[in-house]
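Everything on this sheet refers to the single structure shown next.
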Amino acid sequence: MDVSCAFRHRARRYNSGVTSEAAETHDTDRYDHARLEERWLPHWRRTQPFRSGREGDTRPTKYVLDMFPYPSGDLHMGHAEAYALGDVISRYWVQRGYNVLHPIGWDSFGLPAENAAIKRGVDPAGWTEDNIAQQRASMERYACSFDWDRVLATHRPEFYRWNQWIFTRMFERGLAYRKPSLVNWCPNDQTVLANEQVVQGLCERCDTPVTKKRLTQWYFKITDYADQLLDDMDELDWTDRVKAMQRNWIGRSTGADVKFVIEGRDEPIDIYTTRPDTLYGATFMVVAADSELAAELAEGADAATQEAFEAYAEKVKASSEIDRLSTEREKTGVFLQRYAVNPVNGERLPIWASDYVLADYGHGAIMAVPAHDQRDLEFATAMGLPVQVVLDCRDEDGNPLPDPVESGEATTGDGVLVNSGPLDGLAKAEAIAAIVERLAADGVGEATTNYRLRDWLISRQRYWGTPIPIVHCDACGEVPVPDDQLPVTLPDAEGLDLKPKGQSPLAAATDWVTTTCPRCGAAAKRDTDTMDTFVDSSWYFLRYLSVGKTDGPFEPLDAKKWAPVDQYVGGITHAILHLLYARFFTKALRDMGLVDFDEPFLALLNQGMVQMDGSAMSKSRGNLVRLSEQLDEFGVDAVRLTMAFAGPPEDDIDWADVSPGASSKFLARAWRLARDVASEPGVDPATGDLELRKATHKTLAETAELIESFRFNVAVARVMELVNVTRKAIDSGPGAADPAVREAVEAVAVLLSLYAPYCAEDMWALLGNEDVALGNWPEVDPALLVEDTVTCIVQVKGKVRDRLEVSPSIGEDELKELALATDGVKRALGDAGIRTVIVRAPKLVNVVPA
RNA sequence: GCCCCCGUAGCCCAAUCGGCAGAGGCAGCCGACUUAAAAUCGGCCCAGUGCGGGUUCGAGCCCCGCCGGGGGCACCA
């Protein structure tokens with residue numbers, strides 16, 4: 001798409017009601033965002049100021065990365081915020097003299113393209129490429145400081161070839177494997193979903209209630225890295241919020257495995273518990289109704305029991321995730337007419353099957369201690385099972401808590417063990433240590449760790465994704481496609497029915513599916529599933545480093561030079577999924593010897609969302625604000641500045657609360673400064689007005705700190721202050737010809753280049769310079785940061801009673817004397833004596849009366 | 001239920017070692033310029049920091065307990 005076309009369009013819009021002649025003429029003596037955009041965009045297209053990694057570039061490197069967009073339509077307000085903030089960081093480091101890698105690409109596989117293709121009967125590839133072209137044009141107009149030589153899109157074979165390559169490496173190491181299991185199934189999209197894509201029991205994409213289906217699917221063994229994924233977070237410069245989300249998701253718990261002998265079964269079974277100290281309180285056992293163990297135990301029971309179990313299991317399977325998630329639901333289950341033996345006291349425990357025990361956590365079986373676990377208590381109450389108290393729990397005042405059976409509340413806290421044989425009298429921690437030791441000695445238990453995190457299900461029964469590079473051979477089994485036969489490209493969508501039908505559309509591409517086994521040469525079939533698109537985004541940040549490379553996913557030397565990412569910028573919506581997967585990939589690639597670092601993203605900034613009138617924007621809600629219209633009306637610079645100025649970047653922006661019009665006015669005010677400067681380029685600022693010089697240098701020094709701690713809104717406020725004092729200097733101070741005015745305005749231009757590149761570039765040109773964006777951060781003169789005098793607050797009993805203008809280097813004793821002599825102190829003190837005087841030279845004295 | 005974040009003028013937000021509650025902006029009001037309006041320039045108004053305790057010479061900031069808002073996890077044994 002031609003961006004200049006959009007400009008003509010706007011010019012017409014903008015000047016409607018004015019003569020056509022006026023529409024063609026721009027007033028060069030006024031700030032006119034349309035004129036500035038028309039002037040500078042073509043210039044930047046030519047000069048490509050943000051190309052990184054040029055031959056002979058000796059600047060220190062930095063890698064600043066924005067999360068790449070999905071190409072479904074044009075950019076929206078959310079993109080505008082994210083890229084505005086990422087650009088502030090990236091442009092700042094360029095100004096500070098760094099060789100900044102700031103790439104962009106497209107996360108272009110996935111359901112939206114496929115759904116659009118189905119709906120409109122178009123080719124997903126064509127639809128995707130069209131959207132990419134549109135977004136790219138919008139990004140260029142938006143003046144994103146991207147390196148346009150490093151663009152990638154994940155749907156192109158030159159990218160997804162390396163998905164396949166990494167997959168086969170994972171497969172070789174046992175990190176990619178296939179297993180049958182009950183998986184999340186979206187009946188609408190007709191595809192499997194990862195746990196992470198099920199939100200409140202609904203499909204993340206289409207909000208359809210998710211059901212369960214038993215399927216054989218591909219997994220990545222992310223659970224192998226659970227401990228590292230938890231522990232390595234300590235080193236990351238991420239918010240506590242995101243770290244907490246990741247911690248919750250991984251969900252590490254420590255406890256013990258305990259072996260229970262099952263009557264009539266050769267092998268004992270393991271259960272997992274976090275409270276082995278309550279083992280003497282176990283009164284029954286529960287196995288997950290949808291587990292193989294439950295089916296096996298039922299098989300060993302009488303026919304009536306078996307029938308009851310099968311009916312129950314069927315019901316459980318049919319229930320939706322939503323039902324399952326309801327916490328108020330009644331406990332249900334079937335007694336399997338089987339018994340387990342408690343290893344510590346030989347008691348016979350009836351075994352029940354229920355859906356409140358999960359098949360894929362721990363061992364899918366638990367010991368039930370109803371006195372001290374709320375869920376077990378509810379189940380015992382519903383089924384009339386016995387309750388045995390083994391903990392003496394007390395409230396804060398030392399009174400015993402009511403009996404769980406009477407109160408309906410299990411006592412789950414700490415307590416002293418009772419009715420527990422050798423454990424009696426021990427506190428929780430001691431009891432756990434003692435019982436684990438004894439179980440281990442007897443060979444019937446050991447301390448273990450469990451995780452909420454499950455292995456990552458990556459199979460998708462859809463067309464628009466990376467084909468899984470596996471050939472199924474009757475003789476050889478699962479055979480990875482050899483490297484020299486990669487990529488396995490997608491068959492043409494032409495003639496394929498992409499509609500969801502529970503099986504991958506690739507299965508219908510007979511010619512494509514039919515192949516020979518790479519190992520034995522016999523007739524064989526390709527795997528017809530495609531990979532979860534999160535695979536693409538798990539390593540794309542490495543591909544940017546070596547986009548053209550044809551003999552590997554990335555060049556190790558490039559990775560050494562640039563990676564890991566110094567600063568990542570993106571929405572909090574990816575706080576769990578994408579970040580966790582990318583961290584896992586990095587660790588796996590490290591173990592393959594491909595990278596030499598542990599974490600992909602050292603620092604992370606999560607910008608908030610852009611809302612309108614208190615809620616997320618949507619067409620149906622009628623509160624949609626169109627980015628293109630905002631850009632037409634207020635200009636790129638004003639919209640970008642508004643995003644930076646609205647508040648802390650992590651906070652949501654309500655577009656109704658901010659004012660792009662005010663941003664535009666401010667930019668005009670700044671721009672006029674450059675127009676008004678009356679001294680020549682290169683004039684020595686040292687001879688200029690001292691007060692203005694101090695203001696300029698102070699602003700520069702403070703801004704550096706503010707940007708580096710992401711306080712962009714405050715940094716913008718500082719530029720506004722500098723603009724205000726410079727205006728005053730011109731109008732009612734030393735005047736437009738003073739060299740300090742030029743110094744101040746040049747600083748304004750450099751500072752504004754972070755938020756408002758068009759305005760800054762034009763100011764820079766008005767000042768007789770070129771290329772404002774590149775390494776122009778002025779050196780701060782420390783001498784100009786020192787104040788001649790500071791205001792010392794004089795307090796009596798913490799209340800301000802007087803002020804003193806003193807030297808910054810004043811001594812404590814001298815300051816104390818001056819303070820005690822002030823009228824304010826004398827008045828406030830009256831006849832009272834002095835108990836003590838707190839002196840914090842040079843800023844504060846606090847007199848404490850007796 | 002567990003965990004994380006946040007409550008400061010009418011509104012968005014500053015106050016980063018515990019030290020003058022206000023930097024910047026929006027809205028409002030007044031004035032200058034103008035025949036007038038726009039634009040521009042200048043000025044003014046506005047809270048004692050959600051509530052209750054505590055520590056301290058001194059608390060928006062630290063501690064405890066509430067209230068309110070947002071978010072994550074959740075039958076994970």
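Chain identifiers are assigned alphabetically (A, B, ...) following the order of the sequence lines, protein sequences preceding nucleic acid strands; residue numbering begins at 1 within each chain.
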Over 12 foreign heavy atoms within 6.0 Å of NZ, A:Lys428: yes

Where the side chain of A:Pro648 is defined as all heavy atoms beyond and including C-beta, which of B:rA14, B:rG43, B:rA77 is the nearest nucleotide? B:rA14

Within the modelled atom types, does a donor on one side and an acceptor on the other bring the side chain of A:Lys843 and the base of B:rC20 under 3.5 Å apart? no

With sequence neighbours left out, what residues match A:Asp231 under salt bridge (Lys or Arg N to Asp or Glu O under 4.0 Å)? A:Arg252

Please confirm whether the shortest side-chain N or O distance from A:Arg672 to OP1 or OP2 of B:rC41 is below 4.0 Å. yes

What's the gap between B:rA14 and B:rC3 when it is taken at their P atoms, as a whole Å value? 28 Å

Could you tell me the separation between the CG atom of A:Asp376 and the P atom of B:rG1, rounded to a whole number of Å? 19 Å

Side-chain N or O of A:Ser253 closer than 4.0 Å to phosphate OP1/OP2 of B:rA77: yes

Select one nucleotide: of B:rG24, B:rG42, B:rC57, the one nearest the side-chain heavy atoms of A:Lys728. B:rG42

Rounded to the nearest angstrom, tell me the gap between atom CD in A:Gln795 and atom P in B:rG18. 16 Å

Which is true for A:Asp657 with a 4.0 Å heavy-atom rule: it touches a base, it touches only sugar-phosphate, or it touches nothing? sugar-phosphate

From B:rC20, B:rC26, B:rA23, nucleotide with atom closest to A:Arg803 side chain: B:rC20

P spacing across the pair B:rG42 / B:rG60, given as an integer number of angstrom: 33 Å

Quick one: which of B:rG19, B:rA14, B:rG24 gets closest to the side chain of A:Ile838? B:rG19

B:rG7 pairs with which nucleotide, Watson-Crick or G-U wobble, both distances below 3.5 Å? B:rC67

Provide, to the nearest angstrom, the distance between the CE atom belonging to A:Met720 and the C1' atom belonging to B:rC13. 12 Å

Roughly how many Å apart are B:rC30 and B:rG68, using the P atom of each and rounding to a whole number? 42 Å

Hunt down the Watson-Crick or G-U wobble partner of B:rC61, both distances under 3.5 Å, from any strand shown, or write none. none

Would you please name every residue forming a salt bridge (Lys or Arg N to Asp or Glu O under 4.0 Å) with A:Asp613, sequence neighbours left out? none

Name the nucleic acid region contacted by A:Phe379, choosing base, sugar-phosphate or nothing; use a 4.0 angstrom heavy-atom cut-off, strictly under. nothing

Could I get the full list of ring-ring contact (aromatic ring centres under 6.0 Å, His included) partners for A:Phe379, not counting sequence neighbours? A:Phe284, A:Trp352, A:Tyr356

Polar atom pairs (N or O), protein with nucleotides 67-73 of chain B, under 3.5 Å:
from	atom 1	to	atom 2	distance (Å)
B:rG71	O2'	A:Arg241	NH2	3.2
B:rG72	N2	A:Asn248	ND2	3.3
B:rG72	N3	A:Asn248	ND2	3.4
B:rC73	O3'	A:Arg452	NH1	3.1
B:rC73	O3'	A:Arg452	NH2	3.3

Using whole Å, report how far CD1 of A:Ile653 lies from P of B:rC26. 17 Å

When you check the side-chain N and O atoms of A:Ser253 and A:Asn450, is any donor under 3.5 Å from an acceptor? no

Quick one: which of B:rC75, B:rG58, B:rA77 gets closest to the side chain of A:Thr273? B:rA77

Taken in chain and number order and not counting sequence neighbours, the residues that satisfy side chain to side chain contact (heavy atoms under 4.5 Å, CB included) with A:Leu293 are A:Arg265, A:Ile269, A:Val287, A:Ser291, A:Glu296, A:Leu297, A:Ala365

RNA chain B: A:Arg275 or A:Arg718, which has the more 5' nearest nucleotide? A:Arg718

Roughly how many Å is it from CG in A:Leu844 to P in B:rA21, rounded to a whole number? 11 Å

Picking from B:rC13, B:rC57, B:rG43, the nucleotide nearest the side-chain atoms of A:Val848 would be B:rC57

Paired with B:rC2: which nucleotide, if any, by Watson-Crick or G-U wobble criteria at under 3.5 Å for both distances? B:rG72

Which whole number of Å gives the distance between the C1' atom of B:rU8 and that of B:rC13? 9 Å

Length of the line joining A:Ile250:CD1 and B:rC2:P, which is rounded to integer Å: 22 Å

Only pairs with both distances under 3.5 Å count, Watson-Crick or wobble alike; so what is the partner of B:rG42 in this structure? B:rC30

For the P atoms, the ones on B:rG10 and on B:rU56, what distance do you get once it is rounded to whole angstrom? 34 Å

Looking at side-chain heavy atoms only, is the closest gap between A:Arg583 and A:Met233 below 4.5 Å? yes

Rounding to an integer number of angstrom, what distance separates B:rA21 and B:rU49 when you compare their P atoms? 12 Å

Taking syn as any angle within 90 degrees of 0 and anti as the rest, which one fits B:rG48? syn

If you count every heavy atom of other residues, nucleotides or ligands that lies below 6.0 Å from A:Glu705 atom CD, does the total exceed 12? no

Between A:Val714 and A:Tyr272, which residue's closest nucleotide on RNA chain B lies nearer the 5′ terminus? A:Val714

Between B:rA14 (P) and A:Glu702 (CD): distance, integer Å: 15 Å

Pick base, sugar-phosphate or nothing for A:Thr274, based on heavy-atom distances below 4.0 Å to the nucleic acid. sugar-phosphate

Would you say A:Tyr361 reaches B:rA77's phosphate, i.e. side-chain N/O to OP1/OP2 under 4.0 Å? yes

Under 4.0 Å: is that the gap between some side-chain N or O of A:Asn724 and OP1 or OP2 of B:rG25? yes

Integer angstrom distance from the P of B:rU55 to that of B:rC11: 34 Å

Using the P atom as the point on both nucleotides, what is the distance between B:rG52 and B:rA9, in whole Å? 16 Å

What contact category does A:Lys665 fall into here, base, sugar-phosphate, or nothing, at under 4.0 angstrom with non-hydrogen atoms? sugar-phosphate

Between A:Arg669 and B:rC41, is there a contact of a side-chain N or O with OP1 or OP2 at under 4.0 Å? yes

Run through A:Val837, A:Val839, A:Leu844, A:Val794 and flag the one making a side chain to side chain contact (heavy atoms under 4.5 Å, CB included) with A:Leu815. A:Val839

When rounded to whole Å, the CZ to P distance for the pair A:Arg727 and B:rG24 reads 17 Å

Exercise: do A:Tyr312 and A:Thr332 side chains pair donor with acceptor under 3.5 Å: yes

Does A:Gln388 have any side-chain hydrogen bond (donor to acceptor under 3.5 Å, both in side chains) partners at least two apart in sequence or in another chain, and if so, which? none

